[in-house]
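None of the values given here were measured: they were computed from a predicted structure.
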Amino acid sequence: MAAAAAAAAGFAKEVLPPSLDSTSKPPAIFDGTTRLYISYVCPYAQRTWIARNYKGVQENIKLVPIDLENKPAWYKEKVYPANKVPSLEHNNKVKGESLDLVKYIDKYFEGPALLPDDPAKQQFAEELLSYNDSFNKAMYSAMPSNADVDDDAGAALDKLEDALSKFDDGPFFLGQFSLVDIAYAPFIERFQTFFEEVKNYDITKGRPKLTLWIEELNKIDAYTHTRRDPQELLMRTKKRFGVKYYYGFSL
């Protein structure tokens, strides 16, 4: 836990800038400033935000939050043609895709390493990163239904419980906090609230490793500083999936 403790000790809280919308002027793009374009409510963007915080490079990578519901036209035209977040403006180039950016930030910026040197852990990291999309698909697929949580979602959670038993030198997926935890954290944060409040289903019940993982994750300032109001995220998720009921009765 030494790296996590060091990162926590060096974490500097910041006043978060307001989101930029269609009425906002662009920053001085390609002026040499490194900028991380995010949305405060996007789980993919949250991954890169956590990585930036954990590395302790808040002064080196400036946050530029974008209002996804009212995007400024200049973001697509001048910054990132894909018009998605996150993206990273660095050395007069703009890169995208959240996991690629987490790895990029880890490689090119100072701070605690997000991937251990152990080859076995590196291999397991790639396996878990490859599985992430399948995990999210299983969980998201269970959201629109008014039935109980299906076997696929339960099996996906059980797979994470098993993965958290792989290494015994810490409570995280690779023992110590890593980019794998960063990849899963924003989604589990949302799933936990949604399934509890909409499905009356506790994703941690019978899963002590996952329970501990969430507890320890919430001790890491680099992560907790990126968390938003759970009820805000819940309402956004319900709107996205057309969910208009609570467990047991309709709204």
Main-chain N/O of Phe177 paired to Tyr54 side chain as donor or acceptor, under 3.5 Å: no

Whether Asp106 side chain and Val102 backbone form a donor-acceptor pair below 3.5 Å: no

Pairs flagged by side-chain hydrogen bond (donor to acceptor under 3.5 Å, both in side chains) wherever residues 63-72 is involved - sequence neighbours left out: Ser22-Asn70, Glu69-Arg236

Check: Glu189/Tyr223 side-chain N/O donor and acceptor closer than 3.5 Å: yes

Under 3.5 Å: donor-acceptor pair, side chain of Trp74, backbone of Ser24: yes

same_hphob_cluster(Leu164, Phe167) at 4.5 Å side-chain heavy-atom cutoff: yes

N/O donor-acceptor pair under 3.5 Å between Lys121 side chain and Gly175 backbone: no

Under 3.5 Å: donor-acceptor pair, side chain of Ser130, backbone of Glu126: yes

Pair listing, side-chain hydrogen bond (donor to acceptor under 3.5 Å, both in side chains) test, anchored in residues 83-97, at least two apart: Arg35-Glu89, Tyr37-Glu89, Tyr75-Ser87, Lys84-Glu97, His90-Tyr104

Lys/Arg-Asp/Glu bridge criterion (N-O < 4.0 Å) met for Asp100, Arg47: no

Nearest-0.5 Å distance that lies between atom NZ in Lys55 and atom CZ in Phe109: 9.5 Å

Connected via hydrophobic side-chain network under 4.5 Å: Phe173 and Leu179: yes

Over all atoms of both residues, closest heavy-atom pair of Pro17 and Pro65: O-CG, 3.5 Å

Nearest-0.5 Å distance, CZ of residue Phe187 to CZ of residue Phe194: 15.0 Å

Carboxylate-amine/guanidinium proximity below 4.0 Å for Glu232 and Arg227: no

For Leu129 against Lys103, the heavy-atom pair lying closest together: CD1-CE, 4.0 Å

Nearest non-hydrogen partners of Gly154 and Tyr201, listed with the distance: CA-OH, 4.3 Å

Pairs involving residues 149-163, ordered by first then second residue, that meet salt bridge (charged side-chain N to carboxylate O under 4.0 Å, His left out) (sequence neighbours left out): Asp158-Arg207

Side-chain touch Ile38/Gln46, heavy atoms, less than 4.5 angstrom: no

Atom of Ile182, atom of Ala51 and distance for their closest heavy-atom approach: CD1-CA, 3.9 Å

